[in-house]
Every structure is written in C-alpha cells, then in structure tokens.
Novice: 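Got a structure for you, questions after.
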Protein chains: 2
Amino acid sequence: MKPTLRAVAEAVGVSRSTVSNAYSRPDQLSTELRRRILDTARQMGYPGPDPTARSLRRGFVGAVGVLFTSRLSYAFTDPFAVRFLTGIAEAAERHGSSLLLVPLPADPAGAGKAVENAAVDGFCVYCAGDEEGILDTIRGRGLPFVTTAARPRAGDRWVGIDERAAARSVAEHLAGLGHRRVALLGDDVLSDAATGPLRVADVADVPHPTTRERLAGFADAFAAVGVAWPELTILSAPGNTRAAGAAAVRALDALAEPPTAVLACSDVLALGALDALAAAGGPRRAISVTGFDDIAEAATAGLTTVRQPGEEKGRSAAELLFDPPADASAGQILLPTTLVVRTSSGPLPRS
Amino acid sequence: MKPTLRAVAEAVGVSRSTVSNAYSRPDQLSTELRRRILDTARQMGYPGPDPTARSLRRGFVGAVGVLFTSRLSYAFTDPFAVRFLTGIAEAAERHGSSLLLVPLPADPAGAGKAVENAAVDGFCVYCAGDEEGILDTIRGRGLPFVTTAARPRAGDRWVGIDERAAARSVAEHLAGLGHRRVALLGDDVLSDAATGPLRVADVADVPHPTTRERLAGFADAFAAVGVAWPELTILSAPGNTRAAGAAAVRALDALAEPPTAVLACSDVLALGALDALAAAGGPRRAISVTGFDDIAEAATAGLTTVRQPGEEKGRSAAELLFDPPADASAGQILLPTTLVVRTSSGPLPRS
DNA sequence: TTGAAAGCGCTACCAG
DNA sequence: CTGGTAGCGCTTTCAA
C-alpha cells in the first residue's frame, strides 16, 4: 500500500495541512521544513498528492473531454479529425491541461453514461452526428462545452464554417465547367443506407447535420443552373473511409448514364472515388471529382476541394473553452473556407 | 449549484446508499423504488454520481494515460504515432475505458509533475526519448504501465520490434544494391544538433534510444560490407517532420562527394528527403531513399521501407495493460517487421 | 508559520 | 431489500 499524505505528516511530526502546503503552496512554509517534508516523503515512497482526491477537493480536474460522434478509433482515420485534435492538443499544452478522449458507445444511453462519467472540466464536441442528446447531457452536468456542429445554436460556444456556402462554392465551380449530371457522395447519407446510389426524397431527410448542409450546398449550386434535387444522384458511403468512397463510386457502373462529376462530402471519400476511377481506366477517368477539407493527401492527389483550417478549428475550440469570452456574442467563431482548384476537376469531356 | 446525491436521498426520503445503488447496482433495490429515485433525480437536475468522487471512493478511474515523449501536438504529426493511438483507442473502446492524453512539458521536473497529476489507472508510454525518468515516476505511483521502448527492461510490460535488426534489413537491401557511400537520417540524433551533416564519434552517443538502435542497425549492415561507422554521413533533422527531412537532405549539397543513398529513421523524414531530391532534379534524383514504419503515404510515394504493425502495437500495448498476462514472461510482445521494397531504392547509377 | 476542523461527493460493508 | 456508519485522500479557511 502506498503511503498517504497523512502518513507523511505523522512521520515528520507536522499536520497534514503543512504537508499539503509543501506540495501545493511552497510559500506557506519555511524552505527548511519544506525540504524536510519532501525528503521524508521521498524516502517513504509517497508519490505526491493523489490526483483524484485533489480534484474532488478542489473541484477542478485539469482535463478537457473530447467527444467524437463516431467510434473513437475511426476518428483517427480521418486526417481532418486528426488535425482538429492537433489544434486542441496545442491549446491544451499551453494551458497545462490534459485531453480525455471518451469513446462513445453507439447506443444513446451508453453514450450518455460515458459523458456523465467523464472526469473533466469541459468538453470539445467534434461534429457529433446526433449530438443534441450528448449536448443535453453535458448541459445537465453544468459543464462548459464548445461544439463544431454544422450550425451553431444560439448561446452555445461554437467554432465552425459555413458548411452550406462552402459546399456551394465547389459545386458552382463544377457547374461553371459545364457539369449537369453529377453524383453527390456522402458518409452515412441515410442511417443504415447500403453503399451506392440512393433515393432521398428531400435533402432535409438526411440525418447527419454536416452531411445534410453540405449536400444542400451542392444542390443549391445545381438548382441555380436548372438541375433539380431529384436529378442528382446521391451516393452513400458508410464509414467515411477511402475504401467506402471507392466502393460507392464503383456502384455507378450500374447506371445507364453515369455522372460526369462526383462531389464528395470529405476528402477521404473523394480520394476513394479517385482510386475507383483510376482503377477503372477508360472514359471513367474523365469524371471530375471534388472533396472537402483539404487534407494533406489532397494536394498530392491533385484533388480539387474546399479548404477549412483544421488545426485552427481545434485550437479555437479549446481556447473558447479555456478562456470564455466576456462578451457572449464572441463565443461563436466562424472560420473561413477557400475553394482550392487542382487537377481532379475539369471541363466536360466532349462526347 | 448542482444537487448532490445526498439531496436526492433527502427529497425521496431514503438513505444515500439507496440512491447510490439506484445508479450503480440496480439489482439492489426494487424497480419501483429505483424508478422513483431516478425520476426525482431527473426532476431536481441531479446529473448522476460525480465521476471524481466516485473514482476516489472506488479507487478506480476508468482511464488509461497515454504519454508521448515529444510534444503532444507533434505526436499527431506522425502518421505512425496516430496509428499507434488508433490501436490503443480500439482496445480502450472495447474495455469501456477513456484515454487521457497527457502533454509532457520539456523540462523533466514538469514532466514528472504531469505524470504525478494524471488521474488514470495505468499508462501506455510511446517511445519516450529519455523515458527512464518518466517510468520511474510511474513506478513511484505504483501504477501499471506498458512501454514501447527501443529495448524492453526485464520485468516491464513491453510491446515493440527488434529495432536494430529491422533497420539492418533495409540497410542490407541497399548494401546489396551496391551502395557504399550513404547518409543516415535521424530525428534528434544528438540533442540540440542543427539540421544537416553531423559528426558522431560513436553510435552509442546518440541519446534517443530508438534512433540509436536504428542507426546501429544501419551501421551493422554497412560494417558487414566493409564500410565503417566514420565513413557514414550522419544527418540530423530535428523535429521528425517532412520539412526537416527535406532540409537535412538539402544540406548534402555542400558535400564534395554526396551519398548515393539516404536511410531515414522514419517514413516522415524519408518523404521529406524525397521532396528535396525531387525538387533538386538532375543526378540527385538517382539517390536512393528508404524509410521506416510504412505509413500510408509510403505506398503512394513508392518508398522502400520497413513495415511495422502500428495499430497492433497500440492494441497490444493497451491489452497488456488491461489484461496483464498471468505469466509475466508473456508480458513482452515482439512484433514482426517486413522489408517493403518499392521504387525509391535502386542500384547504383553507373557514374 | 503552523495546525485543527470540516468537509468535497460518493460507495461499501454490514447489520437489520 | 434498506439504511447507518465509516471513510477514500486531500485542501482550505480560520484561529492560534
């Protein structure tokens, strides 16, 4: 059994407060006494105040919780999520805070429990699919949080982009190149949707908010050139992995009139699409592909995409948590996005 | 102020134990009573038992600490580290445990404090540079841990590869192709070394254990074909980033007789080397480059490298922590490595 | 500069 | 099935 602070106090012959002070408030006792206490403690093998007990007493933990909607291990699969985490880590380092990555079980009840059991001072929530339940649980605990939801809720601290406008910008680029018969590729377009083309009556039916906003943005641009929603091919790629993106695009082969362009909701999916097209060869190669996020591989793959600042998103989120702006209206940070045109998009091949 | 368990107990008119049981041991009370308690709790806005208090009482936290030697935010910079984390996350998910990422300040004292203050049940330590101090602190706390150090210390739980043999395997490949004048490229070869060529009297002087083992492995292979240590050019690329790798290789231009091959201690550095060579063009392009780890980009870049199983390393480490093998001798897991030959290495250009 | 007292919020044993 | 008791290990007024 490890010795406790109490044991050290008894050994040295001082009160527990004094030992506590020796660790946490060196200015409250003589250097001499402090040294004696610390030395004895070392000799006895006392590892210093127990973090949990200290947290309980102080009412402060020194850790921020990070919540990903999807499975935690999947989060590392998307380079954009990793960049977000990097930003959070930077800010946390600066504030001497740790990061608690909390895996959320798929079932809402389990997820709630996980959030309730997390010993943290606040949360950064990364684009949770059905995040409302989660946010309510956090509110229930009275803990501060920052979201990156597709759209901010009044009063919540938030950092994000204008998803819809950003999506619209790539779509306009493609429309400008003459594309009219296009496919929109998203992760998890409808819950439990299989890989491949899909019928979605209304974009509002898409459950995942981010996917919904991006699809809506794509649709906006095409509506403006006379292509209505039902004419768009919707492709679902469950999992947001490169493989899923490739599989979804391969499913296009079944179509009589394949699209001339594929607009993906993420770079990971878009890269998968490129994989599938490259493997197919032939006229398929002429299909334009666009992504979203601008991860590092997008540049090497020549992928046209929308850039959003990943590290900064994470950094801002964490800073918003650590230093709440006095003025609540400053609690929502809208980050800029840029259309990055590369070689994966081009004019219609003349047929 | 949030209500406490005690307040709920009083409101319902039962003892605190009963309320506690309602949350943690449903089988200890009637469904009826439980429902009544939970309902009142909800009404009062009681968020459930406080995680910190519960941990203190139970003596168990439900989180494993993850320690990276380098700055936490740098850890996400290396895809291999991310894969390691992915593996840990998978195992943690399975065990319902959270991951506490603890940023370690550069100074040893600060790092010690950080480790002492982490509320966790155990640690996974990722290849810490001077990790001995850290490990001692963990031992001092009496917490279990698993390392991925370059070499296991008897009795410690460990998962890793035979660094030296693995490094030797790529070097032999290059030596077999006829290379004799080569440069070895490592992160942080000597502390505070500037970018570029370096004089290292003895490989044993390299402080970072992993770098040291890998360099030693490279050297082994060349020694076997008659190229002694002092004839090898040592290149330091502080930071283990692609940019650092590129910069270090550019520094080769200053040499009268540039090497015909560059052996990097990580894929990230190797990719940087390729960047620099591609930008240089001309005969430089003929320089062979090899990496270490086999990250995803290695494949697309055609990088010859040594593959080590990243996710599995993380997964095994976490499993070793969660389910300590009864037989202590099973506490050290040696993972296999493979030489992966791609296009970045080739025979000597005839001069 | 030091120490005594009073919990932080909860759980687990054990007797009823 | 229920509740009293006894802390988990520490910090922090406040008075000496």
Novice: In whole angstrom, give the distance that lies between atom CZ of A:Arg57 and atom P of C:dC8.
Specialist: 8 Å
Novice: Determine to 10° how strongly the helix from C:dT1-D:dA16 to C:dG16-D:dC1 is bent, judged from the axes of its five-pair ends.
Specialist: 30°
Novice: Do A:Arg71's NZ or CZ and the ring of A:Tyr74 fall within the cation-pi criteria of under 6.0 Å and 45°?
Specialist: yes
Novice: Got B:Glu319 and B:Arg94 here, is their nearest side-chain heavy-atom distance under 4.5 Å?
Specialist: yes
Novice: How about A:Tyr23 and A:Tyr46: are their ring centres within less than 6.0 Å of each other?
Specialist: yes
Novice: Between A:Phe80 and A:Arg83, is there a cation-pi geometry (under 6.0 Å to ring centre, at most 45° from the normal)?
Specialist: no
Novice: Please check the phosphate of D:dG9 (OP1 and OP2 only) for any side-chain N or O of A:Arg6 closer than 4.0 Å.
Specialist: no
Novice: Rounded to whole angstroms, how far apart are CD1 on A:Ile37 and P on D:dT11?
Specialist: 13 Å
Novice: Would you kindly give the OH-to-P distance between B:Tyr23 and C:dA12, to the nearest whole Å?
Specialist: 16 Å
Novice: Which atom pairs link the protein and nucleotides 2-4 of chain D when you take only N or O atoms and keep those under 3.5 Å?
Specialist:
from  : atom 1 : to      : atom 2 : distance (Å)
D:dT2 : OP2    : B:Ser30 : N      : 3.3
D:dG3 : OP2    : B:Ser15 : N      : 3.4
D:dG3 : OP2    : B:Thr18 : OG1    : 2.9
D:dG4 : N7     : B:Ser17 : OG     : 3.4
D:dG4 : O6     : B:Ser17 : OG     : 2.9

Novice: NA contact type, B:Tyr46, heavy-atom cut-off 4.0 Å: base, sugar-phosphate, or nothing?
Specialist: sugar-phosphate
Novice: Consider the side chain of A:Leu56, meaning its heavy atoms from C-beta on, and name the nucleotide among D:dT11, C:dG9, C:dC10 that approaches it most closely.
Specialist: C:dG9
Novice: Quickly work out the B:Leu5 CG to C:dT11 C1' distance and round it to whole Å.
Specialist: 9 Å
Novice: Remember a base hit wins even if backbone is also touched, and classify A:Thr52 as base, sugar-phosphate or nothing at under 4.0 Å, heavy atoms.
Specialist: nothing
Novice: Heavy atoms under 4.0 Å, any strand shown: does B:Ser55 hit a base, just sugar-phosphate, or nothing?
Specialist: nothing
